[in-house]
Amino acid sequence: MATEKNLLLIDGSSIAFRAFYAMYNQLDRFTNAQGVHTNAVLTFNNMLDSLVDTMQPDNILVAFDRSGGTFRTKKFSDYKGNRDRAPEELLEQLPYIKRLLDDHGMAHYDLQDWEADDIIGTLAKQAEAAGWTVTIVTGDRDLTQLATDKVTVQVTKKGVGELEAYTPAHIQDKFGLTPKQIIDMKGLMGDTSDNYPGVSKVGEKTALKLLLQFGSIENLYAHLDDLKKSKMKENLINDQANAFLSKDLATIRQDAPLTIGLEDTAYTGPDIDKLRALYTELDMRQALNKLNKQAPQVQPDLSYVVLDDSNLAQVTAISEPISFEIEMLTENYHTAEPVGFFIGTATQTYVSTDVTLLTMPAVKAWLAQKQDIAVFDAKRNIVAGTKLGLVLDHIDFDVLLASYLLNPDQNSNDFGQIAQDHDYQLEFDVDVYGKGAKLKLPEESQLFQHFARKSAAILALKPHLLQDLDDQDQTSLFTQMELPLAKVLARMESTGITLHQATLTQMGAQYAQTIKVLEEKIYAEAGLEFNLNSPKQLGEVLFEKLNLPVIKKTKTGYSTSVEVLEQLRTASPIVQDILDYRAVSKLQSTYVKGLLKAVLPDNKIHTRYLQTLTQTGRLSSVDPNMQNIPARGDGKLIRKAFVPSQPGWQIFSSDYSQIELRVLAHISGDANMQEAFKEDRDIHANTAMKIFKLDSPDQVTPDMRRQAKATNFGIVYGISDFGLAKNIGITRRQAKAFIDGYFEQYPQVHDYMDKMVALAREQGYVETLFHRRRYLAQIHSRNFNQRQFAERTAMNTPIQGSAADIIKVAMIRMQQMLADHHLQSRMLLQVHDELIFEGPEAEMATLAELVPKVMDSAVALAVPLKVESSFGPTWYDAK
DNA sequence: TGGGTCACG
DNA sequence: ACGTACGTGACCCAC
């Protein structure tokens, strides 16, 4: 029985092409681990989703062109003859697009000798005859000729984001033509993209005029005599054959010998498991997330036991490995309240919202000695545990840390995401708890179910991740470095550093004065009041009102950065005032106000170190960032506010000197550079002698040393002559000479650079001394910038990352050393190559002896590690 | 939410 | 012919 159905016909080839180019600039951002591009698959997929959403089709068919000729090429051998072969990056995606369609339950079809257009035309006709409604989606306006009362043609606009609906009425409005007359128009105009000629000099305007008058090509030629003598008439006569040929070529056939029928186009709906597998294979994260949200994998409810005073003995009787978590809903665990906990085994999960159960003597003692505790985010749990007075000394597995080491890109702090990255389905915290204003504790049963699933996920992922770590030679990095470090960091964070608030408040009052004076002065100089903090408004004032020369532009307007302003300093007195204003207001908003906002009731700042964020293995620091406290200029005074927590104590600081260059000397094996360090020479002066070809250190001027220093830095960053030139204000030619000289003097450094890039190309990743890995997918990019960036990263990451490894080892040993010597002193902060402590004045001499010892012996390199120390009553003085 | 700016190693 | 130094986080404005 024929019911009226809704048929969606998609011009697959045309949409794939548009999808590919719509995201062409992002081409290399979207590849899977095997390097297969996915930008077209992704866009195509999004489009399918939105079409199904808006149209609710009963039937779908996606038509594709076949490679090789068609009946049109037989009629006209140049048909589409000007087309380049589609790029490889698109071709490789076509099989995936077809798989995508299969998995979505959508039919697709192609036919030897026929184009997608003809397949669509034929089915549209059949569907219309059956009384169906048809929507055609294409990027090609030729198909609008198929529009009827029952057939709407949706043509993509602006990439693929928008569709324009061509109904007969819309075509009438737009061109004054019927859909069929579109064919006549093409016949007269020809089509450059399909490479057929039409009539010379006839474009859209002329074609429309002729068709309004004559209705069709046939009628036009029947009444050609009615036209006055003109060049156009001559062209029409000369190109008559072309006009008819072109019309024929432009006509979409509706009688293709299809081997399928309407009944084969039924939309059967997606196969979720297959789609999930495909998205996973292609690393289509966003699609995977959406899918999992729409169709969460049906998981049977897991059992759990709600703990209370009466059944705690069940927990303390557990002797097998466990999962563990103290759950908090907000990111900052220093301020968060725990909302519950779980303890899980392979067979059962024990849950409660009452964390005081953990502090019951029996449980506490059991936890303290418990081995084989596995968690998601060790540091978070240790800090939360510490607040409850718990000792969690034997956390021996952390899903988050393991995942990060396996691939630093996989560092989401949402367990659901991490689980998904490892092909394990787990609800995202965001979906269970909400976020922002909608953050709230779910019903108890839902909370406990989530706990049970997390527990299961931890225990299920553990063996796989351990195996993967072993395969990547990272077991020791995991168990000997990152896990012990989590504990050390937890201790540092929990300890916190004392902030003398009055010092900052007083500085703040001073700054406020200065800011006010500068503001008024600047407004007077500008002749108007405006928002000084708005680069946009400032740009308008400087470059439009005051007509200062434009030095540099940004994406959005004029650049007003320091480099620009410094060049304009002499052009107007307002510039210096703005520079001063910027400096003071930065100190005021970020450091005075920002730091005061972060003080907790114990008068301390408790930063959080992100252990699983950076791509190189460094730590980062947030809430507040304690790794970018001003160290130079006036801002350095901010450091006076950081004081010891007890009277009679001091701040002590040690830092590695030139650790990255020493690491470079070691891993490159460069004899000249190693010699400089072994003899404890001033490395920048040494480099200056080399690149300026001097005979003695006495000849090195301060400026030469400065330039050599910049060159040393440049080398570490994966240098370019342009970058170096810009940085130290020399010509590109000079910069190139420096670099060439550098590599001549340090030839093995040059070899190292080449080797790292080659290695990255070969294996897709580079490694640090301790086997920390960074994948560089873009190393094969066709995009020059992205590829060059990957190459620089390949050179820099082993250097920066190995330096990060070294200080991490030192920190672990430092904690041990402090304990072994029963020192009251404690480690407070890490700033990449620097460790900051506080302790009784009486211990300063001991620290001065022991801290550098621990740091310089953390690893044995081919060159010595040098450490410098100092101490004083505030952080400012410890330098 | 993204961009500009600027603080750190 | 291209645009360019490596790794971070916070604040502010504008959309």
| said: Please pick, from B:dA7, C:dA14, C:dC11, the nucleotide with the shortest atom-to-atom distance to any side-chain atom of A:Pro630. | reply: B:dA7
| query | Are any of A:Gln788's side-chain N or O atoms less than 4.0 Å away from OP1 or OP2 of C:dA5? | reply | no
| Can you tell me how far P in C:dT4 sits from the matching atom in B:dG4, rounded to whole Å? | 12 Å
| query | Is any side-chain heavy atom of A:Leu579 closer than 4.5 Å to a side-chain heavy atom of A:Val562? | reply | yes
| query | Choosing from C:dA5, B:dC8, C:dG7, which nucleotide comes nearest the side chain of A:Ile719? | reply | C:dA5
| field | Between C1' of C:dC12 and NZ of A:Lys597, the distance in whole Å | value | 11 Å
| request: Give the nucleotide from the list C:dA10, C:dA5, C:dC13 with an atom nearest to the side chain of A:Ser534. | output: C:dC13
| query | Where the side chain of A:Asn785 is defined as all heavy atoms beyond and including C-beta, which of C:dG9, C:dG7, C:dG3 is the nearest nucleotide? | reply | C:dG3
| task | Look at A:Asn628 and B:dC6 and indicate whether a side-chain polar atom (N or O) is within less than 4.0 Å of OP1 or OP2. | result | no
| Sidechain N-carboxylate O distance under 4.0 Å for A:Asp805, A:Arg772 | yes
| task | Choose from B:dC6, C:dA5, C:dA14 the nucleotide whose nearest atom is closest to any side-chain atom of A:Lys536. | result | C:dA14
| query | Under 4.0 Å between a Lys/Arg side-chain N and an Asp/Glu carboxylate O for A:Lys379 and A:Glu493? | reply | yes
| Atom-pair distance (NZ on A:Lys593; P on C:dG9), nearest Å | 24 Å
| Side-chain N or O of A:Ser559 less than 4.0 angstrom from OP1 or OP2 on B:dG4? | no
| request: Using a heavy-atom cut-off of under 4.0 Å over every strand shown, decide if A:Leu613 touches base, sugar-phosphate, or nothing. | output: sugar-phosphate
| message | It should be established whether A:Arg582 places a side-chain nitrogen or oxygen under 4.0 Å from OP1 or OP2 of nucleotide B:dC6. | response | yes
| task | Consider the side chain of A:Gln800, meaning its heavy atoms from C-beta on, and name the nucleotide among C:dG9, C:dG7, B:dC8 that approaches it most closely. | result | C:dG7
| Distance in angstrom units between A:Asp805 CG and B:dG9 C1', rounded | 16 Å
| said: I want to check one thing: is the phosphate of B:dG3, taken as OP1 and OP2, less than 4.0 Å away from some side-chain N or O of A:Lys555? | reply: yes
| When all nucleic acid strands are considered with a 4.0 Å heavy-atom cut-off, which category describes A:Leu587: base, sugar-phosphate, or nothing? | nothing
| Whole-Å distance separating the CG atom of A:Leu829 from the P atom of B:dC8 | 15 Å
| message | So, OP1 or OP2 of C:dG9: does either fall under 4.0 Å of a side-chain N or O from A:Ser621? | response | no
| field | Among B:dG4, B:dG9, C:dG9, the nucleotide that comes nearest once only the side chain of A:Thr556 is considered | value | B:dG4
| Does any donor-acceptor pair link the side chain of A:Ser720 with the base of C:dT4 at a separation under 3.5 Å? | yes
| Hey, does A:Glu660 reach any base, or is it just sugar-phosphate, or nothing, if we go heavy atoms under 4.0 Å? | nothing
| task | Scan A:Gly718 against the nucleic acid and name what it touches under 4.0 Å (heavy atoms): base, sugar-phosphate only, or nothing. | result | nothing
| query | What nucleic acid atoms does A:Ala710 come within less than 4.0 Å of, heavy atoms only: base, sugar-phosphate, or nothing? | reply | base
| task | May I have the distance from A:Glu563 (atom CD) to C:dT4 (atom C1'), rounded to whole angstrom? | result | 14 Å
| Base, sugar-phosphate, or nothing: which does A:Thr560 touch, judged by heavy atoms less than 4.0 Å apart? | sugar-phosphate
| query | Base, sugar-phosphate alone, or nothing: which one does A:Val831 contact when heavy atoms must sit under 4.0 Å apart? | reply | sugar-phosphate
| message | Taking the minimum atom-to-atom distance to the side chain of A:Asp833, which one of B:dT5, C:dG3, B:dG9 wins? | response | B:dG9
| query | With a non-hydrogen cut-off below 4.0 angstrom, is A:Gln537 in contact with a base, only sugar-phosphate, or nothing? | reply | sugar-phosphate
| So what does A:Asp655 touch, heavy atoms closer than 4.0 Å: a base, only the sugar-phosphate, or nothing? | nothing
| said: If I compare all heavy atoms of A:Tyr717 with all of A:Arg792, which pair ends up nearest, and what's the gap? | reply: O-CB, 3.8 Å
| remark: When A:Thr797 and A:Asp721 are each assigned the nearest nucleotide of DNA chain C, the 5'-most assignment goes to A:Asp721
| query | Can you check the A:Tyr717 OH to B:dG9 C1' distance for me, whole Å? | reply | 7 Å
| query | Of the candidate nucleotides C:dG7, B:dC8, C:dA10, which contains the atom at the shortest distance from the side chain of A:Thr793? | reply | C:dG7
| task | Classify the nucleic acid contact of A:Arg774 as base, sugar-phosphate or nothing, counting any heavy atom under 4.0 Å across all strands shown. | result | sugar-phosphate
| Are OP1 or OP2 of C:dC6 and a side-chain N or O of A:Arg618 less than 4.0 angstrom apart? | no
| Closest to the A:Ala631 side chain: B:dC8, B:dC6, C:dG3? | B:dC8
| task | Just name whichever nucleotide pairs with B:dG4, Watson-Crick or G-U, keeping both distances under 3.5 Å, else none. | result | C:dC11
| How far does the P atom of C:dA5 sit from the matching atom of B:dT5, given to the nearest Å? | 15 Å
| said: Using a 6.0 Å distance limit plus a 45 degree cone around the ring axis, check whether A:Arg773 lies over the aromatic ring of A:Tyr765. | reply: yes
| message | Rounded to the nearest 0.5 Å, what separates atom CG in A:Leu610 from atom OG in A:Ser621? | response | 7.5 Å
| query | Counting only distance, no hydrogens or angles, is the base of B:dC8 paired donor-acceptor with the side chain of A:Gln627 under 3.5 Å? | reply | no
| said: In this structure, how many angstroms lie between the C1' atom of B:dC8 and the OH atom of A:Tyr591, rounded? | reply: 7 Å
| task | Establish whether the base of B:dC6 is bridged to the side chain of A:Lys586 by a donor-acceptor pair shorter than 3.5 Å. | result | yes
| Chi angles and distances behind the side-chain contact (heavy atoms from CB on, under 4.5 Å) call for A:Thr330, A:Tyr433 | CA-CA 10 Å; A:Thr330 50; A:Tyr433 303 140; over 6 Å; no
| said: Any base atoms under 4.0 Å from A:Leu619, or only sugar-phosphate, or nothing? Heavy atoms, all strands. | reply: nothing
| request: Report yes if a side-chain nitrogen or oxygen of A:Arg772 is closer than 4.0 Å to either non-bridging phosphate oxygen (OP1 or OP2) of C:dG7; otherwise report no. | output: no
| For A:Thr616 and C:dG7, is the shortest distance between a side-chain N/O and OP1 or OP2 below 4.0 Å? | no
| query | Between A:Gln734 and A:Thr731, do the side chains contain an N or O donor and an N or O acceptor separated by less than 3.5 Å? | reply | yes
| query | Can you tell me how far P of C:dC6 sits from CZ of A:Phe789, to the nearest Å? | reply | 5 Å
| Under 5.5 Å between ring centres and under 30° between planes: true for A:Phe722 and the base of C:dT4? | yes
| query | Can a salt bridge be assigned to the pair A:Glu744 and A:Lys690 using a cut-off of 4.0 Å between side-chain N and carboxylate O? | reply | no
